[in-house]
Protein chains: 2
Amino acid sequence: MTDRPAPPSADAGGATEQTGVGGAAGGEPATARGEQTRQLILDTALRLFRERGYAQTTMRGIAKEAGVAVGNAYYYFSSKEHLIQEFYAETGVEHRARAAGVLARETEFAARLRGVLHAGVDTLAPSHEFAATFFKTAAEPTSPLSPFSAESSPTREASIALFRDTLTGSTAKVDPELGDELPELLWLAYLGVVLYWVHDRSPGQAKTRALIDGAVPLIDRLVGLSRLRVLRPVTRDVLGLIRTLRQ
Amino acid sequence: MTDRPAPPSADAGGATEQTGVGGAAGGEPATARGEQTRQLILDTALRLFRERGYAQTTMRGIAKEAGVAVGNAYYYFSSKEHLIQEFYAETGVEHRARAAGVLARETEFAARLRGVLHAGVDTLAPSHEFAATFFKTAAEPTSPLSPFSAESSPTREASIALFRDTLTGSTAKVDPELGDELPELLWLAYLGVVLYWVHDRSPGQAKTRALIDGAVPLIDRLVGLSRLRVLRPVTRDVLGLIRTLRQ
DNA sequence: CAGCCGTGTCGAACACGTTCAACTTCTCTG
DNA sequence: CAGAGAAGTTGAACGTGTTCGACACGGCTG
């Protein structure tokens, strides 16, 4: 069980890059062979996560299933948690792809926002069970997996950009001062939806759908109202508070 | 290092109860000796958590420091995480004690709410560093430590009751329909404050204080507006949505 | 071609949370 | 007072995530 013959990989020649970024775990592989192994481990891990759940999947199990040694997995991913970072990235890409349709079709802000939020939940849906298990990791402030962390920055910025598209591509007329902050606020609202979704035990997470359908008109109305003269001071206060709180 | 003489505890006689609730970990100790050991382990654990942080504190370390065997700790607390449940309970009690002063003094809703929220942060303040570390555990939906879990029910209900006091003891006139739900909503807002506090890296968590001071007037204004005839439909919608979403 | 070195790979070893079967201590029953 | 049985206690052992020193591969320089 401990011995294995040489890997049967009939690998195709070798594109040889010599970047030498230095780091191991976390850095990109420098050779084609490395890239291949990395992908193999990652695919195996995400598959097992979905099949057995996060906690039930062991690093030894991943390594065995992928036909490599445990240490090899740690050469590419500095921890079990870091495998999730890749899950985030994949999810983000698929979210944008799913949202593209609605964004091309709709021009009303409410319809666009509703579509983008539903697209996000659609993307996550197949992973609900295992997402609930690992979610706690993302909640830890010091974790690199926190949506607010520096390491999550690329995924986060991409997600905020999606909500910026949602807004700017719409016919909504927004207080320009609010318009600068709104994409980030919408992203925060999306995080709230995901937070609710993770805890949502209703069949098919139907309640999360209800949350989206109920909250979107409220947000839409609120955004519209923000331009009213009477509410300007309130808008100002809220924006001021938000700017103070941003860290 | 492995041998220890008999514990020096000069224990005072024995009140002998015979409840026989059955369970071990989680159930209350049946004898005075048990109660004493349980307290000892708990005090040691919480002290070490604060001194070294949650992750850096090992069960072996707790046991050693308390002068008991590892297995003994598991006789009283079914997991390391369950030690946190006790931290919650202690925190809740202290929160109420700290809030009592403001609630006895103030009659305005905004002042009362502000006082209660600050009291909560005051209570948590000494544990900021270690709270951030273990916070992730509470975020996992399936965890008994989740503030929404059945096992957290006593602590949760007590906390909601505190916010009910905050409201009913005030001079605020609230839409009665909203009044029923508001305490729970305020508790949710408090969770939001704690969530922000956990991520708050500003010195002395000053930004969390700013959040409270900024958000309380907004909540106060919102609650007041809810009675306006024009906003009744909106209030209705929001309440309807909340009722749907409650799980 | 020899040697070097960066890249990739291995698996034993470590510390941890947790379990469990055996043991001790204590109290109440007969 | 004997002993049964509950309550409490023990520490070795298990499986886990993670580390680390050693080794293999392969292309480049001399």
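Just so we're on the same page: letters track the sequence lines, and every chain starts at 1. As the structure is a prediction and not an experimental result, all values here were calculated from the model. The figures here come from the full heavy-atom set of this structure, side chains too, leaving out hydrogens, waters and symmetry mates.
Taking 4.0 angstrom as the limit, B:Y75 places none of its side-chain polar atoms (N or O) nearer than this to OP1 or OP2 of D:dT9. When the side-chain nitrogen and oxygen atoms of B:S79 are compared with OP1 and OP2 of C:dG17, none of them lie within a distance under 4.0 Å.
With the nearest nucleotide of DNA chain D identified for both B:T37 and A:A55, B:T37 has the one nearer the 5' end. When each of A:R60 and A:N72 is assigned the nucleotide of DNA chain C with its nearest heavy atom, A:N72 is the one assigned upstream, toward the 5' end.
Look at CD on B:Q56: it is 11 Å from P on C:dG17, rounded to the nearest Å. Atom-to-atom, CD of B:Q36 to P of C:dT25 comes out at 17 Å; the value is rounded to the nearest Å. The distance between atom CE of B:M59 and atom P of D:dT10, rounded to the nearest whole Å, is 14 Å. Here the P atom of nucleotide D:dG11 and the NZ atom of B:K64 are 12 Å apart, to the nearest Å.
Side-chain atoms of A:A69 lie closest to C:dC10 of the nucleotides D:dT9, C:dC10, C:dT18. When distances are taken from the side chain of A:A30 to each of D:dT18, D:dT10, C:dG8, the shortest belongs to C:dG8.
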Per-nucleotide protein contact string for nucleotides 19-25 of chain D (B base, S sugar-phosphate only, - none; heavy atom under 4.0 Å):
B------
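In this structure the side chain of B:L46 reaches within 4.5 angstrom of the side chain of B:R50, judged on heavy atoms. B:F148 has its side chain within reach of B:L191: a pair of non-hydrogen atoms, C-beta onward, lies under 4.5 Å apart.
When only modelled atom types and interatomic distance are considered, A:S152 and A:T155 share no side-chain donor-acceptor pair under 3.5 Å. In the model, A:H95 has no side-chain atom that pairs as donor or acceptor with a side-chain atom of A:D122 under 3.5 Å.
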Applying side-chain contact (heavy atoms from CB on, under 4.5 Å), run through A:R201 and A:K207 and close with a yes or a no.
CA-CA 9 Å; A:R201 287 201 158 337; A:K207 294 200 167 187; over 6 Å; no
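Aromatic rings from B:Y54 and B:F49 are positioned such that their centres are separated by under 6.0 Å.
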